[in-house]
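By convention in this document, chain letters (A, B, ...) are assigned in the order of the sequence lines, proteins followed by strands, and residues within each chain are numbered from 1. Predicted, not measured: the structure shown is a model, and the values here were computed from it.
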2 protein chains.
Amino acid sequence: MPTTDDDHAEHLRPDQGADPHITLTGRLADRDSWRADNCPIVAALDVIGTRSAFVIMREALYGASRFEQFVKRTQLSEPIIATRLRELTEAGLLAKEPYREPGERTRNAYRLTEKGADLLPALTALFSWGTRWQLSSRPPVELAHSDCGGLVTSVLYCEHGHIVDPSTVELRPTRNQRDGTARSPSEADPKRA
Amino acid sequence: MPTTDDDHAEHLRPDQGADPHITLTGRLADRDSWRADNCPIVAALDVIGTRSAFVIMREALYGASRFEQFVKRTQLSEPIIATRLRELTEAGLLAKEPYREPGERTRNAYRLTEKGADLLPALTALFSWGTRWQLSSRPPVELAHSDCGGLVTSVLYCEHGHIVDPSTVELRPTRNQRDGTARSPSEADPKRA
DNA sequence: TCACTGGCTATGAAAAAGCTAAGCCAGGCT
DNA sequence: AGCCTGGCTTAGCTTTTTCATAGCCAGTGA
């Protein structure tokens with residue numbers, strides 16, 4: 001196979017399957033000229049960046065709302081469950097709601113909020129990824145669409161209704177809503193050196 | 001508002017917006033009768049369950065492949081970067097490939113593999129979630145579909161081509177491929193007490 | 001009033017994640 | 001041969017996560 005002396009060879013994508021990263025466009029193309037301050041992924045991980053938080057959110061999405069349910073279903077320790085439930089409630093992913101069974105005293109339920117439920121695509125994507133790549137056999141449970149019975153995964157989708165192939169995803173400077181002008185990365189990131 | 005003494009009131013979903021968890025069906029409906037052993041989400045977190053792993057995968061998807069690039073772009077420490085790169089390579093998400101610039105000695109590049117690239121839906125979902133719920137202003141960058149320019153997120157999608165509303169997602173026992181018979185949870189989970 | 005109990009908190013400990021700083025070393029150039 | 005340097009590793013440390021265990025306490029029923 002002939003080799004190339006092209007200085008840009010490293011930046012090119014010689015083989016879609018070989019190095020399938022997304023394309024950085026505009027001023028983002030030079031990745032070392034900007035920092036990923038205010039990264040939304042890191043912002044998400046500020047709330048749910050521990051293994052125990054993921055597991056608790058899994059059970060919240062599976063319908064758990066009471067402290068004892070989280071204890072039984074996650075196998076995490078009580079101090080950790082209490083701490084995570086408090087943090088997730090303070091962050092708005094769960095809402096503490098008093099409820100009372102007849103003959104028993106008032107307790108609190110940790111109800112899933114819209115903010116918490118909106119993690120379903122992320123957890124579904126991890127569910128699919130883990131199923132495909134990590135488990136040696138199919139898991140005993142699967143996610144399905146109750147309307148039609150089809151299996152559910154998370155896919156990349158654009159606002160124009162296209163299923164987006166990963167090779168056609170690009171990272172670009174955020175555009176102002178009104179005129180489409182790209183915002184300077186530093187414009188929205190005055191913090192941090 | 002009248003209250004109900006219905007014993008099943010807690011299990012019902014009185015308000016779709018109030019408690020938007022997914023529906024457990026079949027023998028999974030009694031959540032305390034099975035354990036989430038071999039959970040694909042936990043299996044995924046075995047590989048990528050640290051904040052630093054997420055950040056490194058972000059940069060790999062943004063095109064980083066050299067050790068120094070990960071150092072500059074993540075602000076993580078070198079020992080941690082080296083450890084995570086080794087672990088992600090051993091797990092198959094990155095592939096170590098020697099390359100050589102003219103006049104320089106051979107180095108290794110950490111190339112994204114198909115397995116690694118398949119985390120894009122999960123990272124995109126976290127990107128969207130963080131954008132919507134955590135950042136006080138829009139991030140300076142956005143994900144777009146290069147074919148049409150539309151913004152990209154992760155959505156729930158079923159194998160029959162439907163965009164799936166979260167309220168129509170269910171967790172069900174995995175069906176055998178041939179005859180659709182559900183597998184017993186213990187069938188695939190002989191391990192762990 | 002007393003016993004019970006669900007939902008925590010407190011304590012101490014272990015392990016993991018992450019950091020700073022220093023150092024090693026192989027291989028390229030002079 | 002010697003110097004330089006990118007890519008690590010090592011050592012020591014801090015912080016975070018997580019655990020086991022014990023205990024507290026408010027509120028309910030007897």
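Under 3.5 Å, the side chains of B/Arg138 and A/Thr174 contain no donor-acceptor pair of N or O atoms. Side-chain atoms of B/Thr25 and B/Thr23 include no donor-acceptor pair closer than 3.5 Å.
Distance, A/Asp46 CG to D/dT17 C1': 16 Å, rounded to whole Å. We find that CZ of A/Phe54 is positioned 13 Å from P of D/dT17, with the value rounded to whole Å. Taking atom CG on B/Leu45 and atom C1' on C/dA16, their separation rounds to 15 Å, with Å as the unit. Between the CD1 atom of A/Ile81 and the P atom of D/dC19 there is a distance of 8 Å, rounded to whole Å. When the C1' atom of D/dT17 is taken as reference, atom CD1 of A/Ile56 falls 12 Å away, rounded to whole Å.
Ion pair B/Asp118/A/Arg132 flagged as a salt bridge, since at least one NZ, NE, NH1 or NH2 atom sits closer than 4.0 Å to an Asp/Glu carboxylate oxygen. The residues B/Arg100 and B/Glu104 are annotated as not salt-bridged, no charged nitrogen and carboxylate oxygen being separated by less than 4.0 angstrom. Using a cut-off of 4.0 Å between Lys/Arg side-chain N and Asp/Glu carboxylate O, B/Arg107 and B/Glu101 are scored as not salt-bridged.
At distances below 3.5 Å, at least one donor-acceptor pair connects side-chain atoms of B/Glu159 with backbone N or O atoms of A/Leu151. The backbone N or O of A/Gly92 sits nowhere less than 3.5 Å from a side-chain atom of B/Trp133 that would complete a donor-acceptor pair.
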Pairs under 3.5 Å (N/O, protein and nucleotides 18-22 of chain C):
unit_1	atom_1	unit_2	atom_2	d
C/dG18	OP1	B/Ser52	N	3.3
C/dG18	OP1	B/Ser52	OG	3.4
C/dG18	OP2	B/Ser52	OG	2.2
C/dG18	OP2	B/Arg84	NH1	2.5
C/dC19	OP2	B/Ser77	N	2.8
C/dC19	OP2	B/Ser77	OG	2.8

Using the 3.5 Å cut-off, write out each protein N or O paired with an N or O of nucleotides 24-30 of chain D and the distance between them.
unit_1	atom_1	unit_2	atom_2	d
D/dG27	N2	A/Arg105	NH1	3.3
D/dG27	N3	A/Arg105	NH1	3.4
D/dT28	OP1	A/Thr106	N	3.3
D/dT28	O3'	A/Gly103	O	3.3
D/dG29	OP1	A/Gly103	O	3.1

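At the phosphate of D/dC8, OP1 or OP2 sits under 4.0 Å from a side-chain N or O atom of B/Tyr110. For B/Lys72, no side-chain nitrogen or oxygen approaches OP1 or OP2 of D/dG6 to under 4.0 Å. Contact check, B/Arg107 against D/dG6: no side-chain N or O comes under 4.0 Å of OP1 or OP2.
The listed nucleotides are C/dC8, D/dG7, C/dG7; the one nearest the side chain of A/Glu68 is C/dG7.
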Verdict with supporting geometry, A/His162 and B/Asp147, side-chain contact (heavy atoms from CB on, under 4.5 Å): CA-CA 9 Å; A/His162 302 128; B/Asp147 289 356; 5.9 Å; no
